[in-house]
Structures are given as C-alpha cells and as structure tokens.
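Hydrogens, waters and symmetry mates play no part in the numbers below; they use all other heavy atoms, side chains included. Just so we're on the same page: letters track the sequence lines, and every chain starts at 1.
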Amino acid sequence: MPHYQPGLIEPKWQSYWNEHKIYRCEDPKESDPKERDSKSGTTSSRKKLYILDMFPYPSGFGLHVGHPEGYTATDIYCRLKRMQGLHVLHPMGWDAFGLPAEQFAIQNQIHPAETTKNNINNFRRQIQSLGLSYDWDREVDTTDPNYVKWTQWIFLQIYDTWYDHDLKKGRRISELPIPEEVQKQGFEAVRIYQDQHRLAYQAEVPVNWCPALGTVLANEEIIDGKSERGNHEVIRLPLRQWLLRITAYADRLLDDLDQLDWTESIKQLQRNWIGKSVGAEIAFPVVQQSGPSGTISVFTTRPDTIFGATYLVLAPEHKLVDEITHKDYRQTVQDYRVQAAKKTDFERTEMNKSKTGTFTGAYALNPFSQQEIPIWIADYVLVQYGTGAIMAVPAHDERDFSFAKQYQLPIVAVVNPPEKWFQQTKSTLENFREAYCEEGVSIQSGNFSGLKTGECKEKIIADLEKRGIGKKKVNFKLRDWLFSRQRYWGEPFPLLHELDNQGNRTGHIRPLSVSDLPLKLPDLADFQPTGTPDGPLSKVTDWVRVSIDGKNYLRETNTMPQWAGSCWYYLRYIDPKNEQEFASKEKLNYWLPVDLYVGGAEHAVLHLLYSRFWHKVLFDLGYVPTPEPFHRLVNQGIILGEMEYTGFQEAELVLSTEEGPLGSESKPKLKPTGKWISANQIDFNGEKATLKQRNDLPIAPISVNSAEVEKIEDCFVLKSNPAIRVDARSYKMSKSRGNVINPDHIITEYGADSLRLYEMFMGPLEAMKPWSMQGVEGVYRFLNRVWRLIVDEGAEVAKLNSFVTMDLPTSETLRILHRTIQKVTEDTENLRFNTAISALMELCNHLTASKTRSYPALRTFLILLSPYAPHLAEELWQVLGENGSITKQTWPVYDPALLVAETLEIPVQINGKLRVKLEVPAGIDEKELESLALADAKVQSYLQGKTIKLIKVVPSRLINIVVV
RNA sequence: GGGGCUGUGGCGAAAUGGUAAACGCACAGGAUUUAAAAUCCUGUGAGGGCAACCUCUUGUGGGUUCGAGUCCCACCAGCCCUACCA
C-alpha cells in the first residue's frame, strides 16, 4: 500500500470500530470499578461528560455539509475527552416525524414510515462514513413506537399538571385547590375547573390554516405570511385546538437563562421572544348618551402618560366592538372589520407606513384627565397581545403619533422633553413634530406633574389600585404553544373524547393509561388531507371509535407537532432501551445536564424554548434532577458556497425556443451584448440585476472566473478592463443556485478525514464561512504529508519510512512536540479546532524536515492527530507496529520545562517602535537584559543625543526604551 | 424601527494589551521529469533602496497606555435575526 488511500483505510477502520463497539458508552453502574474486572484502571470518580449534537431530520436529500461541521466538532472533543479518561456520552438519533415524509406519501402513495426508514438508513450510512464516534446502541428514532410511547406519556404528565403561581411550580392536577363555590356546583363544575387549569388544554383560537398543506400551523412556522414549508398561503380561522400553557413558565424560562453558558445573542433572542414587559392594566369607562356602560381594559407600559391618553384603540377583532359601536357608525365599522380580517398578519404589518382605522362613535372617560376621548378601531392594535386594546398617547408613542396625525386626533404632551430635543425636532410643547418616547418629568398631569417617569408610574399604579380601576400588570409576547396538527405523520394524542347516548361529545376527556401506550398510528391507504380542518386520522373510523366499559369514545384525531419528539430526545439517549420508564432516575441523575450542545442557530428559539419548557415540567414533577437541560450551547456557523464573481453586461431580450418535455417552448432570455457595466451602478440580489437609476434596460449577470479578476483598492475589477467593477460574494448553498457541496462526493474524492479536517480548518466553529475546494485539497495534501512521514511510499506493502528511527527526539523536536501537545490540547478543549490543526501542521512540517524521525515523537504526534483524522491515525498506528486501537491510548500531557528554548529572541522597541531583535539566553534577568539592550550598537545609534525617560522591561518578552 | 454579529494580505484566517499577518490556499521562481501531474525547495502585506535598511499598514476619527488589531467613545460599511407587542 504505497500511497495514502482513504478509500481503502476508512471503511476498514469503520468496520473495526463497529465490530469491537469501540465507542460503546457504559452505563454508570458498569463504569464503577466494583462492578467490573480489575484489569481496567478506571475509577468511579471518572467525571461524566454528556456531549450532544442536534439530531437531524432525515430528509430525502441526505446530509449537507453543515451537518458534518457540528458533528465533527463534538466528535473531536469527545475523542479528546475519552483519551483524557472522562466518561463520555455521545449519542445520535433521528427527528423523524414531520411534513416532508407525509407530503411525499401524498404525492407517491408510499407510506411515510417506509420513506422515513429509507432516509434514516441513508443518513446513518452517511454519518457512519464520517467516522464519528457515536454509541450506536443508543440510537433513538422519534417515530419508533417505543419512543412514541414515552412522548405520549410525557404529554399525559403535562396534561396532568397545573401551574401554581404562588409556589412558581407545576403540580399534579389532583393537588389543585378547588374553590368552595365551584365545589358546591358539583362534580361537573370541578372537572371543568380542573380542565381550565391544566398545562395541556383545548381552546377555540384563531389559527393559521394553510389550505395547501391541509393543516394549521404554529405562528413560528410562518415566514413572511407564508408557510415555512412550501411557501403556501395561510389564512386565519377559529378552531378547537390543543395548547400547552408555556406562558405559565415564561418568568422561569426568562430568569433561568442567566445561569446558562450560552452565547449572549441566543439568550437575547429567547428574551425577545418571551418579551416580558411590566406596566399596568387600566379600565376606561365607556360613555354613551344614555350614560356609562361597561369598561374597556387596556394594557400600557407607560401608565405615567395616562393624562396624555387622548383616544382609545381596539383591535378590529375585539369582543366589545359590536357592543360599543354607535348605530351611525355600524356600517363603516363593519366594513373596516371585514377588510382587516382579509389581511394576513403579514399584510397588516407590511404597510406600516400609513396606519388605518375607523371611529366607532363611542367615547370613553379618561379617569385621570376626566376628558371624554373617542374610541377607534385600528388594525395596528393586535387582538392577541395584552387586552387587545390600548390607550393612545400620541405625544409619547410613535405609532399613536402617526395615527393621530393621520386622523387629526389631539396630541397632548405630558412628559417634558429636554431643550435639545425641541431644537432637533423643531417642536414646541404645543406642537410636537414627532413623538417623544424617552423618560422624563411629567407635566400637565395634575397632582402627578413634576414626577420622574419611574416614580410617576408607581404613583399612578398605586392610585389606580386605590380607586379599583387598574393594577400593576406583567405581559408577555410569548403565547401558549399551539400543540395540535391536522396531520397523519406525528404522535397521536393519547386521549379519548367521551360520547353521550346520542353520540355527542360530553366534554369529558379520558386519558389512556400507561399500559395502553403507545397509541400507534392506524394504517392509512390514502394520505390526502381531508381538506377540512379535521386531520387524516378522522377518516379511519374504526380506529377513531372506541368502547370501554359500555361507554363510547372518539379518539383525538389531531397529532402532535414535530417539536414534540425533539423536546426530550436527549433524555431517552440516557436509557434508550428502558421499557418501564422514559429513563431511569439513577441514570438521569448521573448524566444530566447535557454539558455541551452543538447545533445550528436556526433552532435558537423554538426547539430550545420548547425543550426547556418540557424539561421544567418534568423537573417540577420530580422526574429530572436539573432545572435546565442544556448547560452549554454552541451554534456552528453556516457554510456558504464558493466565492462567486459576477460581472454585468447590457442585454437584449430575445425569445429562445427550447425543446422541453411539453414540446418546444418559447421563453424570453437575456442575451448579453458584450458591453460591460460596472457593478457599482447595479442592484444585484444574486439572481436578477437592474440598473440603479432606471430599470428598463435589461442587464445580464455574467459569471466571471477568479483568474480574470483582480482587486484594486476595495473592489474587484476585470483584469481586462479595470474600470469595470465586479460583484464578489458567497451565497448560501441552494439547489437552485447549484452551489451545493455533497459530503458523499468529498468523501469519495478525498476521504472522510479530509472532509473532517477541512471543515474544522476553515475558521472558527461559530463563524459563517465560504466553502473552498482548494482548501479541501490543502488539508488532503497535509494528510498525504503525514502519510509519507511514516510510510515508505516506494515499498510494495505498508512499511516504515527509512527515516524513522528509534532515537529519542532532539531537544528542539522535543520542545516543538510539547508545544504542540499544549496547543492541541488547549485549543481542542476550547473548540478552537482551526488553530489546533495549524499546530499539527507545524509539527508535521518540522518532523518532515528532519532526516531522522524519532519513533516516540511520531507516536505522540499520531495520538494528537487521532481525534481529527481518526482513520489515518489508526492506520499509521498499525504501520508503526503498535497494537490495538489508538482510541484507547492516553492523551499526552506536556512538560512545561520542555517548552523553554535555550535562547530567546527579544525585541527592543524605541518609543514603541521595533528597532532591534536581541538573541539572549533564556532565563536572563531584567537588569542583565536591560544592559544588554543598552549595549547594543544599533540601539545606541537610536539613543544618540536623546535622553532616556523610561525603560520598560517585560521579562522574556520585550524591552521598550522611551527617549525624548 | 429594534436587537445582534463582523470589518486584518489576492482568499480562508492567526495573534494572554507586548515582534501584525502563524497555518493553509492562490501566485511566482527553481529542482525533479522526455513531458505533465504529483512531490520538494525558495519567495510572496504595500511603497522605496544595488544593498544593509527605511517608511507605511489591522474600516474611519478620537481617547486610555511606555506600548492598542486587542480596552473605551463616536462614526462608517457589510451580514444575520426580528418587527405596529402598546
């Protein structure tokens, strides 16, 4: 085997690892030495480490290069930690429920279970071909009935829980105190009361109904008003849905972020999503000709500005609109409501330049200014947030200000802006040109004038509470989690709806008992959505209808969303085969929390928030030992396609005729004229180019080779015509762009070790970085150099290179070796893989240059390399004549004494500028160094005629001489 | 509008407040070869000088410091997320 052939050695070692279960992770008991034979030296105090990858959705397209990035990072880290003697749990599994498999089933009449199985097999094959060190005995699959059983079981725990706001803790529904007046009304009332408090409850809510997918979607699954999957229209529709009361945990989800080792940006995203705001709820009495009738409750974060509330606005969907609307205004109000209902949330917010609304004819009394103020409806007020109504303070809120301007509503200043603001905005107290939204001192606010904002808020709230017309209130943007989907390929709810003798629902819910779990999906021949909000399961009537003890029930026909399975998979890895519990308490106590969780930032909010929520419920119920699941979180950066250079030419539109599948087709095409236009005159979105000044002239983007381009100043230009600038950037990988890199191809061409090494060498793990095929070749060449370092390429069989000797390393080699041990260890521990790899390259370069290559040094080098290029390291380990797997070796420890060279090069600065470098013996003291520097002829020449003001000596680093 | 991230060679990048550009790519020259590929050696931030060497350089402008890519302030540019949340 003369050459480095990853295609041969990689499968060989992969099957070796598999057969010998090299990466099997022992259970805590097994790893206790008392339970094991004595030849293993591990101790029970072996520290545990739980390293988790975000498991993939096994799509039909296979892995993309983003997957190996995170997976390789954790793999390298785990390999290091195992060799350092830690007890590492590092599993992998499949998030396998979800829409694509069902969509595929609808189109091709292939059961989603089958598609899923095939995709999983393909993903497993691809992942295994990367040489990742997972314990495959712990693989989980969210669609496996043995897994679904416990997803359903956890749902039932949530269903059986209510949130005690006093204790700030989820508790069993049986512990819910029932108020006496409810108790008096009997069993039925108690049941309803309990149902109202469960963490899983049903409600009629306006949902996002997507006709094309035949399902409702969660808010989070909608991007720009279209479905995240497939980009279909979404309309709003009220429906009976299951919701999970995640809002009960909002405060804890927010507060507990502080104890987590996550990046500040992810924490901030979660904070924004939870969106806590503190303010007041205030009741405004409605005034009508016939006298006051009822109140409108509003939420505000600025109760201090209530004297400036000159009108109220209700959301068009607000319950009280019909009630309060004056008969003269019924028609316009009704028209407006119809219009608003037609708009999606997106359209409402899209045209945020001009607000719309209409007057209801009704007035409310401002309880502080005592003014009668008009009540409007407008779609800039959202029904879902707060009370669905606001008090508008146009002087101190931008939105209210622009609405007031539009409809000529009065603007009254009640917070005094600073003089500077008046100048900048050219405003006066009587005439605001824009809203002043900062804090300040109250004015025109009766007894509350002169108070600072913070104090004023408190006083107003106190006054509200005293008068019984309002109270302090905390609001969250976070909504309860819409938990049901009208789909087939998801976990069925383990619930039965009781029917009365007429076959009508009684409202009683009967949860299945644990012994009835898992509730499996029925077989289905036809996967077409019903087209109604009832899911496909409703078609399976003999599955839906159930009789128990003479009572008739209907099964719940909704299924759970894809998030359900991923909410707790990290718990199942801990005890994946357990049939009695989702995981044993003892093992959970041992392994939790997850020490390091690596995955894409796209799950920053949803998956991580939902998981934390479930985890907290399980924590409250005593099933898991930690309040948080994931201690440290790292997001890998996305990998972009190769850098692309694009030039632009004037073009003309021509009709080109093409032979398509439907016969010949004529399509307008851009035909470049050859006349270049500089990129600074062009707007280019990556696909279409238009001239900045005018858009009637067709422009053709022309892909330009990097060899035809050079950089002048800040921009790239054509070498042939430097006046013409060229657009240069990297794009996200996408099928339509054709810049997708398939990991399988890289492995075939260069091997998995090259792919691993390249992805780690590209740059910092968390940074976004462009792919470069030449970079892959670079690391491939490095691995070849490593190969030749040890193997004799001229020989027929794998044989040691003749430079390899049994000599001890020279002192220089030893120093470089130990410096490399230090750097690789520290960098790998801090996930700085790119610099660890350069240290390995430097060592390799040094060893290659030596005529004699010391065996002990090579041996250590291979151990250092093994987490990064495990296949190559195993193979060369064998070539060196070592026995067993290199993965079982102990990680080397560097000797600080060996890091020090005999002489040092010390830079001498004069006034902070580097002038001379001195070669000095290591360990020289400050005084000696100083006199050596001053004695230097060149230093002296710089000191001619100057006075020394200061000599700063940093031992073993540098000298700075300050002169005047 | 809000929040965040990032600005260093031709490119990916590196640098506990202490020699800016390690390592890799690309490029150029040389060795090897009938030739090419592969490999090996040398050079490579910009400008000046025959040379030793000198000057400039981390988006811009200030500041702290003996010393700033790194810390502080202001600004500019790019990217990402989010968006009427009262």
Side-chain angles (χ1 to χ4, degrees), chain A residues 3 263-266 268-269 271-273 275-277 279 298-302 305 313 345-346 348-352 355 378-382 384-393 396-400 402-403 475-479 601-602 604-605 637-638 643 706-707 709-712 714 716 728-730 758 761-764 766-779 781-782 784-785 788 793 832 834-842 844-845 848-849 905-917 938 949-954 956-962:
Chain A
H3 302 294
T263 59
E264 207 42 49
S265 66
I266 296 284
Q268 202 53 45
L269 278 175
R271 288 191 192 110
N272 290 344
W273 193 265
K276 180 177 183 171
S277 44
V298 304
F299 174 73
T300 179
T301 54
R302 291 295 298 271
T305 62
V313 188
D345 269 3
F346 178 63
R348 284 195 191 186
T349 57
E350 245 286 279
M351 353 182 227
N352 61 17
K355 301 195 187 321
D379 63 9
Y380 83 91
V381 174
L382 305 176
Q384 314 96 305
Y385 185 74
T387 60
I390 61 157
M391 64 174 210
V393 184
H396 306 294
D397 182 286
E398 278 175 38
R399 296 152 301 181
D400 297 342
S402 75
F403 191 78
N475 240 313
F476 294 94
K477 276 205 289 188
L478 184 70
R479 312 275 153 75
E602 65 273 21
V605 179
I638 64 165
M643 173 85 111
S706 65
V709 161
E710 65 183 327
K711 196 172 191 180
I712 293 181
D714 287 351
F716 285 91
R729 52 181 131 150
S730 301
Y758 174 64
F761 189 58
M762 290 172 90
E766 294 173 78
M768 176 191 290
K769 37 207 177 255
W771 188 268
S772 157
M773 221 53 203
Q774 286 170 332
V776 180
E777 284 185 40
V779 294
R781 281 203 284 264
F782 163 63
N784 271 284
R785 281 200 297 279
R788 288 193 302 270
E793 272 206 305
R832 292 192 302 250
N834 52 332
T835 48
I837 292 169
S838 30
L840 288 167
M841 286 173 168
E842 281 173 286
C844 175
N845 290 346
T848 302
E905 193 189 53
I906 299 289
V908 181
Q909 295 181 341
I910 315 256
N911 286 347
K913 274 195 177 155
L914 175 70
R915 294 302 181 185
V916 183
K917 292 176 189 175
K938 207 171 153 202
K949 249 182 91 180
L950 174 84
I951 301 180
K952 184 86 183 175
V953 182
V954 185
S956 309
R957 284 229 77 122
L958 65 71
I959 293 188
N960 190 12
I961 303 171
V962 184

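Following rounding to the nearest Å, A:Gln774 (CD) and B:C11 (C1') show an atom-to-atom distance of 9 Å. A straight line from CD1 of A:Ile910 to P of B:C54 spans 11 Å, rounded to a whole angstrom. In this structure, A:Met762 atom CE and B:G12 atom C1' are separated by 8 Å, rounded to whole Å. The distance between atom CG of A:Leu914 and atom P of B:A21, rounded to the nearest whole Å, is 10 Å. When the P atom of B:A86 is taken as reference, atom NZ of A:Lys477 falls 8 Å away, rounded to whole Å. Summarising the geometry, the separation between CD1 on A:Ile837 and P on B:C25 is reported as 13 Å, rounded to the nearest angstrom. Taking atom NZ on A:Lys769 and atom P on B:G12, their separation rounds to 13 Å, with Å as the unit. Across the protein-nucleic acid pair, A:Asn960 atom CG and B:G18 atom C1' stand 9 Å apart, rounded to whole Å.
For A:Glu398, the CD atom counts as loosely surrounded, since its 6.0 Å shell holds 12 or fewer non-hydrogen atoms of other residues, nucleotides or ligands.
Between A:Arg915 and A:Gln909 there is no side-chain heavy-atom pair separated by less than 4.5 Å. A heavy-atom distance below 4.5 Å is found between the side chains of A:Tyr385 and A:Lys477.
Within the nucleic acid shown, A:Thr301 comes within 4.0 Å of sugar-phosphate atoms alone, with no base atom in reach, counting heavy atoms only. Residue A:Val954 is classed as a base contact, given a heavy-atom separation below 4.0 Å to a base. Counting non-hydrogen atoms under 4.0 angstrom, A:Ile951 reaches nothing in the nucleic acid. If you check every strand for non-hydrogen atoms under 4.0 Å, A:Glu710 touches nothing. Counting any heavy atom pair closer than 4.0 Å across all strands shown, A:Gly778 reaches sugar-phosphate atoms only and no base atom. The residue A:Asn834 sits close only to the backbone: its heavy atoms come under 4.0 Å of sugar-phosphate atoms, none of a base. Residue contacts shown for A:Asn845 are limited to sugar-phosphate atoms, with no base heavy atom under 4.0 Å away.
Closest heavy-atom contact between A:Ser730 and A:Met643: OG-CA, 3.6 Å. In plain terms, the two heavy atoms of A:Arg832 and A:Thr835 that are nearest each other are O-OG1, 3.2 Å. When every heavy atom of A:Thr305 is checked against every heavy atom of A:Val393, the shortest pair comes out as OG1-CG2, 3.4 Å. Between A:Gly388 and A:Val381 the shortest heavy-atom distance is O-CG1, 3.6 Å.
Nearest to the side-chain atoms of A:Arg957 among the listed nucleotides B:C84, B:G18, B:G24 stands B:G18. Nearest nucleotide to the A:Pro770 side chain, out of B:G12, B:C23, B:A14: B:G12. Looking at the side chain of A:Pro764, the nearest of the listed nucleotides B:A86, B:A22, B:A13 is B:A13. When each of B:A22, B:C84, B:G18 is scored by its nearest atom to the side-chain atoms of A:Tyr380, the top-ranked nucleotide is B:C84. Distance from the side chain of A:Phe761 is smallest for B:C23 among the nucleotides B:C23, B:U19, B:U39. When each of B:U19, B:C84, B:A86 is scored by its nearest atom to the side-chain atoms of A:Lys355, the top-ranked nucleotide is B:C84. Comparing B:A22, B:C66, B:C11 against the side chain of A:Ser838 picks out B:A22 as the nearest. In this structure, the nucleotide among B:A86, B:U19, B:A26 sitting nearest to the side chain of A:Tyr385 is B:A86.
Using P as the reference atom, B:G59 and B:C66 are 25 Å apart when rounded to the nearest Å. For the C1' atoms, the distance from B:U70 to B:G7 is 14 Å, rounded to whole Å. Only the C1' atoms considered, B:G4 is 23 Å distant from B:A13, to the nearest whole Å. Taking atom P on both B:U57 and B:A21, the two are 16 Å apart, rounded to the nearest angstrom. Using atom C1' as the reference point in both B:A15 and B:G45, the two lie 16 Å apart (nearest Å). Taking atom P on both B:G12 and B:A26, the two are 15 Å apart, rounded to the nearest angstrom. Comparing the P positions of B:A36 and B:G30 gives a spacing of 12 Å, expressed to the nearest Å. B:A68 and B:G61 are spaced 15 Å apart, taking the P atom of each and rounding to whole Å.
Taking 3.5 Å as the limit, the base of B:C11 and the side chain of A:Lys711 contain no donor-acceptor pair of atoms between them. Residue A:Gln909 places no side-chain atom within donor-acceptor reach of the base of B:U19, judged by atom type and a 3.5 Å distance cut-off alone.
Remark: the backbone N or O of A:Pro764 is paired with a side-chain donor or acceptor of A:Lys769 at under 3.5 angstrom. The backbone N or O of A:Ser277 lies less than 3.5 Å from no partner atom in the side chain of A:Asn475, so there is not a single donor-acceptor pair.
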Handout entry: Canonical and wobble pairing (Watson-Crick, G-U, under 3.5 Å) of RNA chain B, dot-bracket with |
Key = (((((((..(((.....[....))).(((((.......))))).((((....))))..(((((..]....))))))))))))....

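For the atom pair CD1 (A:Ile390) and OG1 (A:Thr301), the distance works out to 10.5 Å, reported to the nearest 0.5 Å.
For B:A26, one of the phosphate oxygens OP1 or OP2 lies less than 4.0 angstrom from a side-chain nitrogen or oxygen of A:Arg781. Between B:U55 and A:Arg915, a contact under 4.0 Å exists linking OP1 or OP2 to a side-chain N or O. Residue A:Lys938 places at least one side-chain N or O under 4.0 Å from the OP1 or OP2 atom of B:C54. Note on A:Ser706: every side-chain N or O is 4.0 Å or more away from OP1 and OP2 of B:C11.
Ring pair A:Phe403/A:Tyr380 is tilted by interplanar angle, where 30° to 60° counts as tilted.
A:Phe476 does not carry A:Lys276 over the face of its six-membered ring by the limits of under 6.0 Å from the centre and within 45° of the normal.
With RNA chain B read from its 5' end, the first of the two nearest nucleotides for A:Asn272 and A:Asn911 is the one closest to A:Asn272. Both A:Glu777 and A:Arg788 sit near RNA chain B, but only A:Glu777 has its closest nucleotide nearer the 5' end.
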What are the atom names and distances for every N/O pair under 3.5 Å that joins the protein to nucleotides 56-65 of chain B?
none

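A:Glu264 has a carboxylate O that lies under 4.0 Å from a charged side-chain N of A:Arg271, or vice versa, which qualifies the two as a salt bridge.
With a glycosidic angle no further than 90° from 0, B:G9 counts as syn.
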